[in-house]
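Contents: one structure, followed by commentary.
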Amino acid sequence: MKPFLQKIGDRLLDKFSNNMHNVILVLPSKRSELFLKHYISKAVDGSIFLPKFYTIEEFLESVSGLHILDNISLTFRLYNSYLKTPSLKNINFEDFLNWSNLILYDFNDIERSLVNSKDIYTNLKNVKELDSWGVKDWSFSNDSTSDSQKKFINFYESLYALHTNFNHSLLAEGVAYQGLSYRIASEKVYKSKFSDKKIWFVGLNALTKSEESVINYFKEKNIARIFWDADVFYFQNKLHEAGSFLREQRKRWSDIDFKWVGDFFSKEKEKFQIIACPNNISQARATAQIISDFSHHDLKNSNTAIILSDESLLLPVLNNLPESVKQLNVTMGNPLIKSSLFDFLDLVITMQTNSLDYKNRNFYYKDVINLIEHPYFIKLNKQEFCVEFKKYITKNNIIHINTDDFSNLNFSQTSTNFLFYFWKDISDGINCFEGLFLSLEKILIDRNAIYESEIVKAFSKNIFILKELIEDFNFDIKLKTFRQIFKQLLFNEVTPFKGEPLKGVQLMGLLETRTLDFKNIIVLSVNEGVLPKAKSMDSLIPYDLRRYYNLPTYSERDALFAYHFYRLIQRASNISLLYNSEMKNFNSGEKSRYITQLLSEYQSSEMEHLVYKGEGFDSISPSRLIIKNVGLESKIKQWALNGVSPSAISKYINCPISFYYYYLANIRVEETLNEYADASSVGSIIHSTLDQFYNLGVLEKKHLIENKSLILNEIEKQFKNQFSKDNNIKGKNYLLLEATKKLVSDFLNLELKLLNKSNMDKVIVEILAKEKELNYNLLIDEINFNIKGLVDRIDRVGDLYRIIDYKTGLVQSSDLVFDDFNDLIKNPKKNKSLQLLIYSYLYLKSNPNTLKQQVVAGNFSFRNIKEEFIVVSKRISSRDIRPLNINQQNLIEIENILKSILKSIIYDDFQQTEDFSRCEWCEYKQICKR
Ligand code: SF4
């Protein structure tokens, strides 16, 4: 079917031949202009005089003689007028930004709908009057209004004064917002320079009163024609919302303008499918699958359009496009605040504004880490630098980062050192961003990254405007509120992606499709609440008042989108409408009523209703995830040589695949910096302190008594080193320090109590080893396993040898009881016993003479000190549990356990644990999808 704009091109050539210099074409968008020019150029040989092209907004702007300003400039001017309106309460800029967009939206609607602002803003109090207008459920129509209602009425009425002041100030400058420019155009149209031209208005739809008024003027002068694009399917059906605007226009203007209304929906479509997708990502994947079936010709020659009703799907769609799409033209605006660059700038602002909370202007380490891990920071710096920096602050446990820390790392040598200068005011922030954009533009140009360059340019432009406005208006804007201002001001801004519109696959929003026709159409997110949008308006004017004054409401917005939707599919021959069927939130997962309407009304072709199952993307069932033990020999040998610790053995018992991830695949969760003392740092502090104050040889009561306070002081000192910069332990860390001192003090008391007993029994306690590294090589099937362990203490109480592990956590005696040695292989909960037995094995292998003595292994549990020394024990019967004497026979049992586990590591596949409770705190949950 011939596209609408091609027909317009033919018609122009037919009517004006090759000379159109006196003709003006008014279209809905720049894109329409490009396509129309393309069709004209295809139809003629040689050069011709083209008509003059305008978008409808440009046309009215030109008639009005006013320059339409961007949203940021309007917001600053609006606040300036606000401050000069005496009836309005003085508020700061940040608070003002919370609703400035609503006010601008309302002013815009009032003006372009040619409504009297005074009527709208001064009638709220006349509730009785509203009753007589027949407006139902008017919330102010009660006899007594509440205090908050009164406040709202007063504020609301003051908006009239603001509106008047604002308009005056803009007109004095020769500038306007769109609505104001439209009203002025309707007032000044009789002076227009276009009166001696032929004007064609092409492909417009919902006209505002001001547009109607301007077009009407030219119609009455008989120099204008309007070309509507519609189909009888919705135009002649009085109940169809897509045709409601055109039916209204028909009452006003002659039938001749409607001769172009076609009957395209009666023709059979090649393919018409409705596809339910289980989530948003699968919509992107389904799109890729559909597009893979299109011909090379259709993909190359702009015959295919992907329409995103929800712009957040832009990146998923881009990332999933198949290789057959060689050229792509993205013509939808991507909201700046949804871009990755916005996230990056937001992190910079957050780091800077958070630093204001610290007396000495330090940066909080988490803010800095978030920033340096961001892809934009990595783009600008060497990845190694980010790694180095993280290592530095983690190693030195730096919570608050100051300028010295940056200089220690030669920060001045990075290309983004300026991000870490402390901002004094908002202009420092703006200067910083300007520097950043310059650096980014340079590297992006080098990398030919066109889309990203467009995003940087869009931010750069907005920051430039913001800078000028801050200088011009000199409002009192606090640095602390920069983030909010930045976000609010960019709220409506989009990245204008540019591309070659006449080639390749077209990716666009629904509004960008105006007047365009494509053979293949894929529309995503055809969901209720998205297409059409939910019933809400960004307006301070109550719905009933809007209706009374014929200001647009969501009904008009819905009708407008219905028109764009139906018009888009009327000529297409291959249509796929996708919707997200995920029932996550209330009302989501529901297909749009446009689909329901089509399913019940459209008869000309069969409509397939399909479900996308994601063939080829099906993820493997998590319970079946297995790593085959092939080709891993060298990795296993290397690990065996590096050292087999009891924790590695325990990890394997707990979950073989987590062992594989950690020790063979080397997938490690990055070490994080501890702001608060956690169990592991408390453990290290206690271990190192005891190591420092306990000497080898006979343990004397006197030594412990004399050193007790020194030991506690050392604990405090180490806490301060690790968790405080100003030698002051505060808050949560203070409480943890006190708790740690109490644990150690209790332990020392227990030690003294046991020494007393030994003294009474005339038995000495002798420390034979402390923090002792033990090793033993075990050869299994020609692989040398270097079994290793670091044992906290080995002592002798009389003739009893004790292998001791200090546990700062809780251990109960039942934890160290096992039934038989196989228990230790199967049950991860017995890992403490296994660890102690491996230590014992290592010690006794190196000190075989000790086997002649009685040897036990056990824990001192600092959180369960009342149980004293807890010994690994074996259950003989239900009532008989005995401490395990580690003799030759038991040593063989321990070696068998080791051999069994290590053989399994050599030969078995690595499987996931079947006990899901073990996954709860596992660092590999995401990989395993558990
Ligand atoms: S998530 Fe579960 S199955 Fe996966 S590695 Fe961790 S413990 Fe094993």
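Atoms within each ligand, like the ligands themselves, are counted from 1 in listed order. Quick note: numbers below take in every heavy atom, side chains included, and nothing from hydrogens, waters or symmetry partners. Just so it is clear, the structure is predicted and the values come from calculations on it, not from any experiment. We count residues from 1, following the sequence as given.
Taking the six-membered ring where tryptophan is involved, the planes of Phe659 and Phe910 are essentially parallel, since the angle between them stays under 30° and well short of 60°.
A cation-pi geometry, defined here as NZ or CZ lying under 6.0 Å from the six-membered ring centre and within 45° of its normal, does not hold between Lys772 and Tyr843.
Between atom 8 (Fe) of ligand 1 and Cys655 there is an N/O/S contact shorter than 2.8 Å.
When each atom of ligand 1 is checked for a heavy atom of Cys919 under 4.0 Å away, the hits are 1 (S), 2 (Fe), 3 (S), 7 (S). Shown in contact with Ser658 at under 4.0 Å from a heavy atom are these atoms of ligand 1, numbered in order with element: 5 (S). Shown in contact with Ile657 at under 4.0 Å from a heavy atom are these atoms of ligand 1, numbered in order with element: 5 (S), 8 (Fe). Less than 4.0 angstrom separates some heavy atom of Arg918 from each of these atoms of ligand 1: 7 (S).
Contacts of Ser340 classified as side-chain contact (heavy atoms from CB on, under 4.5 Å), with partners at least two apart in sequence or in another chain: His374, Tyr376.
A salt bridge links Glu895 with Lys899: the closest approach of a Lys/Arg side-chain nitrogen to an acidic carboxylate oxygen falls below 4.0 angstrom. We find that Lys720 and Glu716 are joined by a salt bridge, their nearest charged nitrogen and carboxylate oxygen being less than 4.0 Å apart.
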